[in-house]
Amino acid sequence: MNIFNTYLQYINETILILLKDNNIVLENDNLLEKVVVEVPKNKKFGDLSTNAALVLSSTFKAKPFDVAKKLKLKFDTHHDFADVSIANPGFINFTLQEDVWQKLLFNLLETGEWKYEQFGKNNNLNLEFVSANPTGPLHAGHARGAVVGDCLARILKLVGFNITREYYINDAGNQIDVLIKSVQLRYLEQLSGINANIPENLYPGAYLIRIAKKIKNQYDDTLEKLDYENFFLKVNQLVINEILNLIKKDLSNLGVEMDIFTSEKSIIEKGFLDKVLNILKDNKLIYEGILEKPKGKADLDEWEPRPQLLFKSSFFGDDSDRALKKSDGSWTYFANDMAYHLYKIEKTKGNLINILGADHLGYLKRIESAVKALSSNKIKLVNKVCAIVHLMNDDKKIKMSKRSGNFIMLSDLINDLGKDVIRFIMLTRKNEQVLEFDFKKALAQNKDNPVFYVHYAYARCKSIVKNSNIFDHKFSFEEIKMLKDNNELYLIKLISQWPKVVELSAKHMEPHRICYYLIELASEFHSLWNKGKIDESLKFIHVDDTSITKSKLALINSIMLTIKSGLNILSIKPMEDM
RNA sequence: GGGCCAGUAGCUCAGCUGGAUAGAGCAAUUGCCUUCUAAGCAAUAGGUCAGGGGUUCGAAUCCUCUCUGGCUCACCA
């Protein structure tokens with residue numbers, strides 16, 4: 001259904017014929033991959049353009065313009081093209097017959113939904129995202145990774161990947177000790193009724209009070225005399241489950257779905273760490289060695305050379321080899337993470353994607369190295385890094401600091417703004433770019449707020465349908481052929497780009513493109529709407545002529561259908577009226 | 001000091017992965033409501049794509065150096 005691919009295929013076939021005609025052998029097949037069909041930036045160049053002649057000029061040992069002339073002779077015979085022209089230095093521009101667009105619209109409405117090229121071919125893909133430590137509910141900063149991951153998953157699904165969304169629970173590290181110690185204080189606080197002083201190195205969050213109450217309800221004061229180790233054994237799982245429930249609730253309120261939550265502890269219990277060590281041994285990628293002192297500016301007074309168990313990460317391009325064991329003999333986070341990635345490799349039998357925060361930038365190479373080592377270079381790990389989000393209020397930065405406990409929780413954000421605005425705005429920047437999230441704009445009911453703008457376009461469409469008093473939404477081709485005005489045709493052309501937007505979004509793993517497209521579509525629609533004020537013929541409803549109105553309704557329906565598919569990817573429900 | 005990400009209009013950012021005269025939105029100026037939602041639209045103005053060098057038919061995009069900002073740098077997670 002992607003019209004660009006249709007013509008790209010035709011152009012490629014034509015090139016092969018031309019090569020054969022001229023007894024020229026393509027020295028390298030990859031050359032054809034450089035041939036693209038795209039929409040020229042400037043409308044006056046027509047509907048489509050191709051760089052074919054520029055790509056092939058050296059093969060033909062001729063100037064691009066002359067190659068273009070040869071190609072044009074072939075293209076001229078195709079009945080879809082109203083005009084084929086050559087522009088310097090050798091672009092070939094196509095103007096399509098009106099009925100090509102009209103047919104496209106007709107087919108879309110017949111099918112009732114967009115179809116996308118299934119280049120995922122049902123291949124498995126594992127997408128790990130959020131994976132926040134289970135020490136508290138999510139805060140505002142987590143929203144970005146959550147939304148990017150969730151939408152990316154939806155996009156990849158549309159193009160045929162079999163995708164698993166996974167949350168990795170770090171339930172095995174130091175932070176869990178800190179958590180349980182904090183809970184123990186809160187529990188004793190419940191029993192004594194005296195407010196506890198929470199030391200700086202423990203978690204102060206009020207959510208732990210609620211968990212402490214639960215423990216008190218369940219165990220009464222029977223845990224009062226326990227030392228920390230035994231208290232830990234008693235409540236550890238309960239506390240983590242309680243917090244995971246908070247996190248799951250946050251995710252669900254944000255419209256983010258997970259297929260599976262995998263615990264770090266369970267991976268180790270299943271023996272994946274041993275498996276990792278064996279693989280590394282077999283491939284001679286592990287050794288006892290001493291790392292060089294890092295040359296950082298940071299205070300490294302405590303640094304001392306020490307023999308450690310190391311993974312030969314540098315073999316795969318990492319800057320340094322990486323420690324697997326800490327000085328106290330326990331495994332490093334990285335060692336466990338290798339085990340987790342081996343687990344993902346084994347069960348996925350396909351490529352892996354991780355959505356990470358910017359603070360993990362320094363971690364990418366070692367984990368990529370790990371996946372290469374553990375999969376004999378067969379599995380690809382793509383790391384998508386989300387830059388930080390600056391929360392703003394009317395251009396003023398809102399400061400968040402962990403120490404003071406002064407950071408905005410995701411649940412507060414959702415309560416204040418609703419999930420739709422958050423989801424949309426989180427995708428209005430490409431993920432590597434720092435994002436300014438302005439409360440004032442998110443609450444605005446005007447163009448400052450892009451979701452609002454898109455909703456408004458959809459609601460206007462709905463309103464037209466309602467006011468038309470036409471309830472038959474089966475459209476004949478004759479009706480659709482009445483859409484002849486350039487402004488209307490332009491909208492059809494824009495709509496026809498939608499599958500390409502989704503496919504490129506998937507290919508490059510860039511969900512933000514969906515938002516930009518929706519804004520543009522909304523904008524073009526609003527524009528056409530207003531043209532109706534100047535030019536009567538462009539109004540959508542023609543009271544005295546049902547068939548003209550129906551032709552316009554066909555266009556309106558296709559716009560709604562497209563906005564709906566876009567919002568659906570973002571998991572936003574279109575507003576029927578406003 | 002090393003690594004990674006970024007630097008595009010006064011501000012916030014796109015730029016279909018190398019294509020044609022670099023595009024939007026804010027902000028500024030000026031217009032458009034007796035008529036399908038003015039919560040909107042149109043027009044004007046705004047640029048050494050941080051800077052130098054290179055690669056080629058062609059560079060904001062690729063390579064290289066320099067500058068600036070952010071994140072990060074054994075034994076945390």
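Computed from a predicted structure; not experimentally measured. In what follows, chains are A, B, ... by sequence order, proteins preceding strands, each numbered from 1.
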Novice: Figure out the CG/P separation between A/Leu291 and B/G3, and round it to whole Å.
Specialist: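 Nearest whole value for this atom pair: 18 Å.
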Novice: Applying a 4.0 Å non-hydrogen cut-off, can you work out what A/Val39 is touching in the nucleic acid: base, sugar-phosphate, or nothing?
Specialist: base
Novice: Could you state the CD-C1' distance from A/Glu264 to B/C76, rounded to the nearest angstrom?
Specialist: 12 Å
Novice: Using atom NZ of A/Lys384 as one end and atom C1' of B/C5 as the other, report the distance to the nearest whole Å.
Specialist: 12 Å
Novice: Reckon A/Pro89 touches a base, only the sugar-phosphate, or nothing at all at heavy-atom distances under 4.0 Å?
Specialist: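 Contact class for A/Pro89: base.
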Novice: Check the phosphate of B/U37 against A/Asn467, side-chain N and O only, distance under 4.0 Å to OP1 or OP2. Yes or no?
Specialist: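 Yes, such a contact exists.
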Novice: Which part of the nucleic acid, if any, lies within reach of A/Ala358 when heavy atoms closer than 4.0 Å are counted: base, sugar-phosphate only, or nothing?
Specialist: sugar-phosphate
Novice: Between A/Glu488 and A/Lys552, does any NZ, NE, NH1 or NH2 come within less than 4.0 Å of an OD or OE carboxylate oxygen?
Specialist: yes
Novice: Can a cation-pi geometry be assigned to A/Lys70 and A/Phe60, taking NZ or CZ under 6.0 Å from the six-membered ring centre and within 45° of the ring axis?
Specialist: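 Judged by the rule (NZ or CZ under 6.0 Å from the ring centre, within 45° of its axis), A/Lys70 is not positioned above A/Phe60.
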Novice: In Å and rounded to the nearest 0.5 Å, what is the NZ to OH distance from A/Lys573 to A/Tyr458?
Specialist: 9.0 Å
Novice: Check this for me: does any side-chain nitrogen of one of A/Arg366 and A/Asp337 sit under 4.0 Å from a carboxylate oxygen of the other?
Specialist: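 Here A/Arg366 does not pair with A/Asp337 in a salt bridge, since their nearest N and O are not under 4.0 Å apart.
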Novice: When we call it a touch if two heavy atoms are under 4.0 Å apart, what does A/Ser320 touch: a base, just sugar-phosphate, or nothing?
Specialist: nothing
Novice: Expected output is a numbered-order residue list: members of residues 452-463 of chain A with a heavy atom under 4.0 Å from any atom of RNA chain B. What is it?
Specialist: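 RNA chain B contact set from residues 452-463 of chain A: A/Phe452, A/Tyr453, A/Tyr456, A/Ala459, A/Arg460, A/Ser463.
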Novice: For B/C63, measure the glycosidic angle (O4'-C1'-N9-C4 for a purine, O4'-C1'-N1-C2 for a pyrimidine) and name it syn if it falls within 90° of 0, otherwise anti.
Specialist: anti
Novice: Syn versus anti for B/U21, judged by chi lying within 90° of 0?
Specialist: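 Base orientation relative to the sugar is anti.
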Novice: Tell me, with the steps shown, if A/Asp321 and A/Ser314 meet side-chain hydrogen bond (donor to acceptor under 3.5 Å, both in side chains).
Specialist: CA-CA 5 Å; A/Asp321 293 340; A/Ser314 59; 2.6 Å; yes
Novice: If I take atom CG in residue A/Leu361 and atom C1' in nucleotide B/C4, what distance separates them, rounded to the nearest angstrom?
Specialist: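 Distance, rounded to whole Å: 5 Å.
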Novice: Base, sugar-phosphate, or nothing for A/Arg322, non-hydrogen atoms under 4.0 angstrom?
Specialist: nothing
Novice: Does NZ or CZ of A/Lys326 fall inside the cone over A/Trp331's six-membered ring, less than 6.0 Å from its centre and within 45° of the axis?
Specialist: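 Judged by the rule (NZ or CZ under 6.0 Å from the ring centre, within 45° of its axis), A/Lys326 is not positioned above A/Trp331.
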Novice: Name the closest nucleotide to the A/Phe91 side chain, picking from B/A38, B/C41, B/G19.
Specialist: B/G19
Novice: I'd like to know if A/Asp319 reaches the base of B/G2 with its side chain such that a donor and an acceptor end up less than 3.5 angstrom apart.
Specialist: no
Novice: Check this for me: does the side-chain of A/Ser49 come within 3.5 Å of the base of B/A20 through a donor and an acceptor?
Specialist: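 A donor-acceptor contact between them is present.
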Novice: Quick one, A/Asn354 with A/Lys384, criterion side-chain hydrogen bond (donor to acceptor under 3.5 Å, both in side chains). Give me CA distance, side-chain angles, the key distance, then yes/no.
Specialist: CA-CA 6 Å; A/Asn354 289 345; A/Lys384 294 298 277 184; over 6 Å; no
Novice: Would you measure the distance from the P atom in B/G23 across to the matching atom in B/U29 and give it in whole Å?
Specialist: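 The same atom, P, in both gives a distance of 25 Å.
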Novice: Taking the same atom, P, in B/U66 and in B/U30, what whole-Å distance lies between them?
Specialist: 49 Å
